[in-house]
Structures are given as structure tokens and as C-alpha cells.
Amino acid sequence: MATNIFRSFLRPRIKTSFFKRYESSEKRVAIHDPFSNKPEKNKESYLQVIKFFEGRDQRRRGHVEFIYAALGRMKEFGVNNDLEAYKALVDVLPKGKLVPTNIFQAEFLHYPKHQQCAVDLLEQMENNGVMPDIEMEQMLLNTFGRRGIPLRKYWRMMYWMPKFKNLSPWYLPDKMPDDTLELAKLAIQRITSVDPDTNINLWQTEEIEVALDKTWIVSGQSRIQKLLLAEQPIEEPLVIKGPYYVYLRDQSVTYFTLLGKIRPEPKDDIDWDDVSKIEKPSGIPGFIGKTTLPSIKCTVHEQDDGTILAICATGTSSRDSLLSWIRLLEKHDNPLLANIPVIFTLLAPPSDVSLQETQPALQEEDNIERAG
Amino acid sequence: MNIARKLTTIPYNVRKTFYRKFKISSINSDTVEATQPKVQEEKFDFEDLKVFERTERRSAKIDPFMKEVFVSKFNRDLLAYPEILTKDEDEALENRISFLKKSFSNANSTKEERKNTLRRASMYAATVNLTKNGLAANYTELLRYLEIIGADLELGQAISEHWVGVTALSQGLSADDYTDIIDEIVSGDDTISICIKERMSDRLTQPDFRTTAEIDEKGIWRIHGEKIHINKTGYILVLAITDGSKLKALLVRPGAEGISYKDNFVTFSNTPALELNMANEAILSQTLGTNRLHTATLCRTSLQQATQACLEYIRPRFINGKPLSELSTIRSTIGEAILYIYASESAEYFTAGLLDGFMDPDAELEMAMCRNFISHHGQRVLLKLLAIPGVEKQKDCLRLLENMRSLTLRGENVEEVNMFIALHGAHHATKSMAEEIKKIRNPFFNPTFVFKKMITNRHQDKDDPKLDLYLSEHLHPSLKPPSESLEYCVKRMRFVTEIIMSRHGLEVASAYTELNRLAEAATEILVCTAVLARASRSYCIGLRNAANEMKLAACYVEMTKNRVKTLLSEIIDGEYLNLDHFRVQFGRKYLDTNESLTEKPTARVFW
């Protein structure tokens, strides 16, 4: 917001003759784009270009335009999340020259274009979630002095960004893994964190002979879920729902849930004000708890739309891989799945999955297995 | 200000208060029960008229003492410390004790010698009737015996369970069955051990209590299940479920089929057992509950041993050229231990007096309180005591520590007993308070009541309850200040019980942290009562060292008043001010996430 105010404050002045010379230096100026002819677009070549620019001319003419151009190319080079690249760009700005030396300079925007450029750079960092460090403050101080607008921007960023950085209760590493399997593990861990007793398994569909898709499956199931699954009525089919999406930073993972029937809701006709019904505890030393348990909805896995019995993410998200998942669940301590039908209700199936009534297909599979 | 308050509040009975204030008369119509004649029960065995059963002298039935304290009612007659034994009984008791002492105070005597001493003193038959060659010992006597036997913790634990088991058999078995089995049991070859606690359930739908007993086609009861059990020999008194949810005690003979031991667990599979058919749950809870009283005595004995061990360490040692015993910190630690030993001893014999001195006694709460009191303070004080020898006497210290730990966790832990105490108290309080609580929880339906309640509770709100129990009248006059402290604690109990129940309603049973405090406060009240009553009695009858007792009592009560005050005001403050909410949240987060709640102090967000 501060940047916008600053811009609107700056814009009418550009039309005055004093600032006329900056008009031509809007972002469109970079005629020669040193970034375009780099065959390899990576961090190393990006920093190389910056280094080349710094060494090319002692006066570093056109450095503001260069920084704008470099900022625009960051994503292309994959350095938009890289603090080192931003620091290299700040380093392009001359040191000492732009520091105001009297109160008028300090008050009336000394080198406004440069200051704006640095603010834009910081803004881009903020948008990409890159937190500056103490060295960057020193660089900015050396460039603009402690009264510069970029410094104010920096200090504001350093007030808020650390506060936001670890706000999410689900920790993610700074550098997200590129491997989808690792991402899937992170996603399933995040989802199953509701029950700390959850066991996350990595299975390969190769374990199932009839599996067509050879891929991995990350499956999450807790002990309570196993128990809930074992107690599902055999006549009622289970349902696989999905795909759902969970976002880990800017990447999404597709997952599926295995839903079962819910147990009856606890009766809510107790008069909580009537304390005369307080149960008298047993006086037998060492005797605690109850001899029987009510079979009512009481776990976190029992939601309104069904009991979540397991969740998974597979390498292909295909129906066949899900089928393998069911077979693998059955193999790993869920014997009830051998007898209970499972229905697939894929809400928005991936392209390789056709939406159809899957119940017969499953039965076919069963037949195949039995025949085998 | 006090004068103004006295003038503005009109007491409910001006005449009575006037008398009390100016001591014109000692007429006290409330305590007429004290002068009631005692019921003497002389039991005869009509088959053999030469042997008489022991004469029991019991007063008329009274309301349960501590349960009534939860509604701020106090039976002042009990401030006369119970005197159970007659001269003859006391002499016989002392004789037996001196006989036991010879063996148990001798560090060189072996376990077998001690067992023989117990046999010769008929200790294994202590609770059996005189007509069946027993001693017909009452609770007070059993405590005296146990204090001596407790010097050997293993034997102490075994015999206390044996006594409880034998009592359970006498109540649960038919006369014929009992006669058949009792001679074998009291021989001392095999003692009875009690087996109630089970392994924690590791499945969601598994019941907490799983041992079952079924009757087979031959009419024999068969037990299936697993229990926590340490003693691997002798009879086992097992608690099991029959017919779905009914609890039943069964006696398993030594070496019965289907028993297997592993670590601390015993597994029964199709084990034949003798049913205690006449012992229902109420009888069982009363009988087995006495084990708690015995645990308290054993704990106290253990603490006493630790104190003794410390003394032996301190005596011959010096620091800075002075005896170590001159250090005031060491003296104060020993003094604290003495204080708690005295308090616990008072409470135990007070409770035993309740059990022995009245018809149909209801003292399960008091027994549980005795157990928790010394378990709670014993551990803390023991750690302080053992800090004196430090690591010099590692082996002895570890043994003492382990003894106390095993006693504290004997059969159950402190929290479980506290829940029992608080819920029992709350349950009793609801008999008179349920209607009020309902009205307090629905203030808009009962506006007049709420205003009246506000006015009635105005002193309580200011933490200045009106002391109208006049407990000091039943104690020696020099105990007036401590008796007023006790009175303050008692008067606060009803208010706090009311608050806790009106705050949680029926869910009070799951307000664990608050119930814990309530139980602890009630426990301290029992102990204060016992301490004051004992000291007052001693001083009044001119017992040796009675002056010390008076000082111990006054010191203990003053010390405890603040603790009770804090405990009760923490309940009144609620979970946010007493920080329970936060503690619970931290614990919950840690349990939920399986990882540390904080980062290391060297961690940084940016560099």
C-alpha cells in the first residue's frame, strides 16, 4: 500500500520539467536484453548476467532499467524465490551516491526513481515470500541512507514477514521437494495430523499382481480408523471419494478418501443441569472405567458425510491405482475389505479415468483374483 | 468495622450466640448424640459357649463425616478423638506388639523368622473371629500391627492384603464355605493377594475392565482375563465381570489350573475359582477400600524409616567443625517429615476410630483420603530427606525411594483416588444441592432465587465466610486460632462445591483438574480435624509430650490453611486464572503433534 501511495505521489511530478528526463526511463527502455540470449536459464547464468552488467561500465549507466528488466526475468530463470539473486540486484545500485546529505534531500525524495526501483524490488520479494536478511539492510543503508523509502519498506517487511512466516501450524520445509512422492507424503502427513496415531505407509502397486498402473501409493490410516473399518456393516458398500486437492505452498496434491457409514449420533436428551444424576464412582480400589462402551459417534474420523477410514495419494490418481490401494489396505490388516463392496465416486476424474459405475468392475476384479 | 458487621448481621439464633459469646452456659443441644449410650454387641458362639466373641462397643450410626463436609456440615462430636480400646485390649495389644517388635526391629532376622513370628502371634488370623482361632482385631489394632510389620515392606504389603482378603471372604462366603477354607488360609503358608487392576485398554472399543467369570456345566466358576499382579504365590482374590456388567469377587487357589505369570501380569484362562456370592459391589467396595487405609500406614512407616535413616546419617557427621545436625535447613526438613508423619498418623487412627466406633460406618472416603494424603506429601518430603545424604548412600536411598513409589502406586494412583474422593463428595452433595444447582444454572427462570443466593453468598464472595460452627468449643481453648482456620476451610467447602457443580453441571465428572483440587482440599480438612482432635485429647488427658502435639497441631493447621485456601480459590477462579486451561492446551498440543512445542533457543527466522 505504501508503495502505491508513494507512486501516486510521484506520478504528477513526472510531468514537471524537472522530472522530464525520467519519463523516458519507464520500464520499457531496456532495448538490449542481456537475459534473452542466455541458453541456460538458471541461477548461475542469472547472476552471471548481473556480474557482467556491473563490470561492463564503471558508471553502470541504465542500472535502474537493468534492475527492472532483471526483476521481470526472475521467474524465467527460476530465481524468484532466491534471496541471493535479489541481493545481487540491490548490489547493482551505487553505494553512497544516493544517500541524502541534508534535510531537504532527505525530505523531498532524493533520487526518487532509484528509490522507487528498490521499493519495487522489495515488493517483488514480498510477493514471492522471500524474506530479506540483515545484510540486505546494510546494503540498502549504504545505498539510500537511513531516511530512504526502501529502508522504511524493508523495516516494515521485517516486522511482518517473520510473523507470517511460521504462522501455519503445518510446517513445510523452506525448499519444497520437487519429487511428487515426497510432496504426497507431506500432504498426507498434513491431512492426517488430526490423529497423531496415524501410520503413513508407502506402497507400490507392484505388490498387487493384477494392478495395471505401476505406481506408488501413500496411504494414511490410524489404529482407530482400522478399528472403525473392521466394524463397518458388510452389506453397506464403502465409498472412495475424490479427487480432492490440498495445497502445499504453490503446489497441489490430489488425494482420495475411503468413506464408510457413520455410527449413530450420541443422544442429546441429557439434562446437563440436573446434577442429581452424577454417577457414584465405584469404591473398589484399582477398578476404573467402564465394563462396556457405547457404540456411538465419538472419534474425529466420524464426520457428517461419513467415517473417513483411510486416505491416500497415488502416483497416477487413476482408478486402477485406487483399486490397488484397496487391495493393499486389505493386505495390511484390513481383512474386511475382502468382503465389503467399494464404490468409486470420483467427482472430477483425471483425464485417464472414465466415470462409470464401478461396482461391477470391482466384482470382476474379485472374480479374477479368485480365479487366479 | 467488625462491630458494624456484627450489628448488621442478625444471627439466626441470637440467644444461642449470646450464650456462646459470653460462656454463660455450656448447653449445646446439637451435641446430645455425644451422650448417647454405646451399643454393646456381645456375640456368642452357641456351639461352644466357653469361647466368647469379642464385645464391640459402637455408638449409634452417624452421617458420613467427610461427605458431609462437602456441604459444610461438620460433626463436632468427632473432635473428641475416638478412643476404641479398653484397658485389657490395650494391654493385650501391647504384648503382641512387643512380641512382633523383637523380630521386626532386628535387622538381622530373616524373612522366614519373621513369618514364623507372624504365625505365632496369630497375625494371619488377625481379622478372624475368636471362635475360629483368630484375634478378631479391629481396624485400630490392625494399624498398630501393620506399623510394626511394615518395617519389612514386602511382608507388610502381603499381610495387609491378606487381612482385607480374609475380611472379604468372611463377608462373601456362606458360613459353611468359610469354615471349610479359613483354617487353611490363616495357617500363613499361603496368603491372599488382591487382584483388581487390569492392563490399560489399547483398543478404542475395548472395555476398561475385561476379566470375566462364567459358570460351567459342572457349576464351577471359570475366570478368563489378565490382571496386574506381582505376588506369584498364594491365593488370589480376583475381581471379574459376570452377567455382562455385574462385578463379582472370586477366590483362586494357589496353583490352580490356567494361571500363567509374565512380568507384572497374571493371565487366567479357564481358571476355576470360588465365588464370594454374598459380596455385592457395595460390600466389596467397603471391604477392599480398607486396603487404602493400610497403604497409608505402610507409606507412613516408609517415611518414618527414611527419617530414621537420615538421622543415622546426620548424627556422626560434621560440617565446618560443627555437627551436621546443627544446620537449620536439615532440622527443618526433619521437622517437616515429623509434621507429616504426625498428621498422617492422626488421620489414620481417626479413620480407624470411625470404622470401629460407630454402627454401619461409612468411611470409604476417609480411608481414601488417608491414602492420598501421605502418598502425596510422603513422596515430596522423602525427596527432601534423601537429599541430605545426597549420593553418599545411593543404595539405601534408592531402596527407600522405590518403596515409597511402589506404595504410592499400590493398586491405583493418586489421581484415581482423588477422582473417587471428589466425585463421591459431589455425589453426596447433590442430595441436598441438586435443586439449587439447577436454579443457579438457569438464572433467568429463577431471578428471585439468584438474588437471594447473591445475598447469602456475599460473605463467601469476599472470602470471609461466617464462622458459625464453633469448633473451638469442642477443643482445648488454646487451639482456638487453628480451629478457626479449620472452620474457615470447612465453611468454604459448600460454596466451592456449589460453584464447581453450577459451572459444569452434569459434566462435573470430567472437570478433572478442579475435582483434583477439591479432593486435595477435603483431604487436608480431614487431616486437620484429626490432628486438632488428637492434640486436644492428648493435652486434655495430660499425655506425655502433649505440649509438642499442641505445637505440631497448631503449626500443621496454620500451614495447611493456606494450602486449602489456595486450592479452593483456584477452583473459584476458574481455568483461566488458575492457568489450568493453558497447561491443558500445552499438553494437548504436545500429545497431538508428537513434537516439541517450541524451537531451540538458537533457532532464527532470518539471518
Side-chain angles (χ1 to χ4, degrees), chain A residues 83 130-137 157-158 161-166 169-171 174 189 193-198 222-228 230-231 263 270-296 298-302, chain B residues 194 196-198 201-210 228 239 241 244-245 247 281-282 284-286 288-289 291-292 295 364-365 368 371 410-412 416-417 419-420 423-424 426-427 429-431 433-435 437-438 441-442 501-502 504-509 591-594 605-607:
Chain A
L83 176 64
V130 182
M131 199 187 307
D133 58 4
I134 304 291
E135 194 191 355
M136 188 142 191
E137 183 189 26
M157 278 167 76
M158 290 306 269
M161 287 186 83
K163 286 186 173 47
F164 290 134
K165 188 181 179 189
N166 292 312
W170 293 286
Y171 172 76
D174 284 340
Q189 263 168 18
S193 63
V194 287
D195 186 347
D197 194 28
T198 305
S222 72
R223 257 182 287 201
I224 293 176
Q225 282 175 313
K226 268 188 190 166
L227 198 74
L228 289 168
E231 287 181 351
R263 297 187 292 178
I270 303 162
D271 181 4
W272 295 105
D273 300 337
D274 188 3
V275 286
S276 63
K277 291 198 182 85
I278 290 179
E279 236 175 90
K280 193 177 175 183
S282 168
I284 301 173
F287 175 78
I288 48 158
K290 296 196 168 87
T291 50
T292 51
L293 284 174
S295 53
I296 48 165
C298 60
T299 65
V300 69
H301 305 289
E302 290 163 291
Chain B
I194 297 165
I196 300 171
K197 206 171 169 65
E198 296 200 357
S201 162
D202 54 3
R203 292 185 62 190
L204 179 69
T205 53
Q206 203 171 32
D208 301 315
F209 198 81
R210 301 175 291 276
I228 296 175
L239 194 73
I241 313 165
S245 61
L247 285 172
E281 207 177 318
L284 281 176
S285 85
Q286 193 135 29
L288 299 178
N291 215 9
R292 289 178 174 145
T295 309
E364 45 184 348
L365 216 56
R371 181 209 185 284
R410 191 183 178 212
E412 55 202 330
E416 285 165 18
V417 187
M419 274 314 102
F420 165 75
L423 282 178
H424 238 298
H427 180 264
T430 52
K431 287 178 190 162
M433 286 163 68
E435 270 308 305
I437 300 295
K438 199 164 191 172
R441 280 175 68 84
N442 296 287
M501 286 207 284
S502 52
H504 299 283
L506 201 53
E507 280 176 318
V508 71
L591 288 169
D592 283 357
T593 53
N594 287 342
V605 178
F606 54 87
W607 291 93

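Being a predicted model, the structure only gives us computed values, none of them experimental. Note on naming: letters A, B, ... go to the chains in the order of the sequence lines (proteins, then strands), and numbering restarts at 1 for each one.
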| task | Examine whether an atom of B:Leu591 lies under 4.5 Å from a heavy atom of chain A, and if so say whether it belongs to the side chain, the backbone or both; otherwise answer neither. | result |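 For B:Leu591, the contact with chain A is made by the backbone alone.
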
| Quick one: what part of B:Leu239 sits under 4.5 Å from any heavy atom of chain A, side chain, backbone, both or neither? |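 When you check distances to chain A, only side chain atoms of B:Leu239 fall under 4.5 Å.
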
| task | Please list, chain by chain and in numerical order, all residues satisfying salt bridge (charged side-chain N to carboxylate O under 4.0 Å, His left out) with B:Glu507, sequence neighbours excluded. | result |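 Once residues adjacent in sequence are excluded, B:Glu507 has no partner under the salt bridge (charged side-chain N to carboxylate O under 4.0 Å, His left out) criterion.
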
| Which residues share a salt bridge (charged side-chain N to carboxylate O under 4.0 Å, His left out) with B:Arg210, sequence neighbours left out |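 Applying salt bridge (charged side-chain N to carboxylate O under 4.0 Å, His left out) to B:Arg210 gives none.
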
If you count heavy-atom pairs under 4.5 Å between each of [options] and chain A, which one has the most?
options: B:Glu364, B:Glu416, B:Arg292, B:Met419; answer: B:Arg292
options: B:Asp592, B:Ile437, B:Leu423; answer: B:Asp592
options: B:Lys197, B:Arg441, B:Met433; answer: B:Arg441
options: B:Glu198, B:His504, B:His424; answer: B:His424
options: B:Gln286, B:His427, B:Arg410; answer: B:His427

| said: I'd like to know if B:Glu281 pairs up with A:Lys280 as an ion pair, taking the criterion as any Lys NZ or Arg NE/NH1/NH2 lying under 4.0 Å from an Asp or Glu carboxylate oxygen. | reply: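 Salt bridge flag = no for A:Lys280 with B:Glu281.
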
| request: Salt-bridge test for A:Lys277 and A:Asp271: reply yes if a basic N is under 4.0 Å from a carboxylate O, no otherwise. | output: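 A salt bridge is absent here (no side-chain N lies under 4.0 Å from a carboxylate O).
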
Checking heavy atoms, do the side chain of [X], its backbone, both or neither come under 4.5 Å from chain B?
X: A:Lys165; value: side chain
X: A:Pro169; value: neither
X: A:Leu83; value: neither
X: A:Asn166; value: side chain
X: A:Ser282; value: both

| field | Residue that, paired with A:Thr299, satisfies side-chain contact (heavy atoms from CB on, under 4.5 Å) out of A:Asp195, A:Val194, A:Ile224 | value |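 In the set A:Asp195, A:Val194, A:Ile224, the residue that makes a side-chain contact (heavy atoms from CB on, under 4.5 Å) with A:Thr299 is A:Ile224.
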
| task | Any chance you could measure B:Phe420, atom CZ, to B:Glu412, atom CD, to the nearest 0.5 Å? | result |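 Result: 8.5 Å between the selected atoms.
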
| request: Might you work through the side-chain contact (heavy atoms from CB on, under 4.5 Å) test for B:Leu506 and A:Asp273, ending with a clear yes or no? | output: CA-CA 6 Å; B:Leu506 201 53; A:Asp273 300 337; over 6 Å; no

| Side-chain heavy-atom pair A:Pro132, A:Met158 within 4.5 angstrom cut-off |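 Yes; the side chains approach each other to less than 4.5 Å.
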
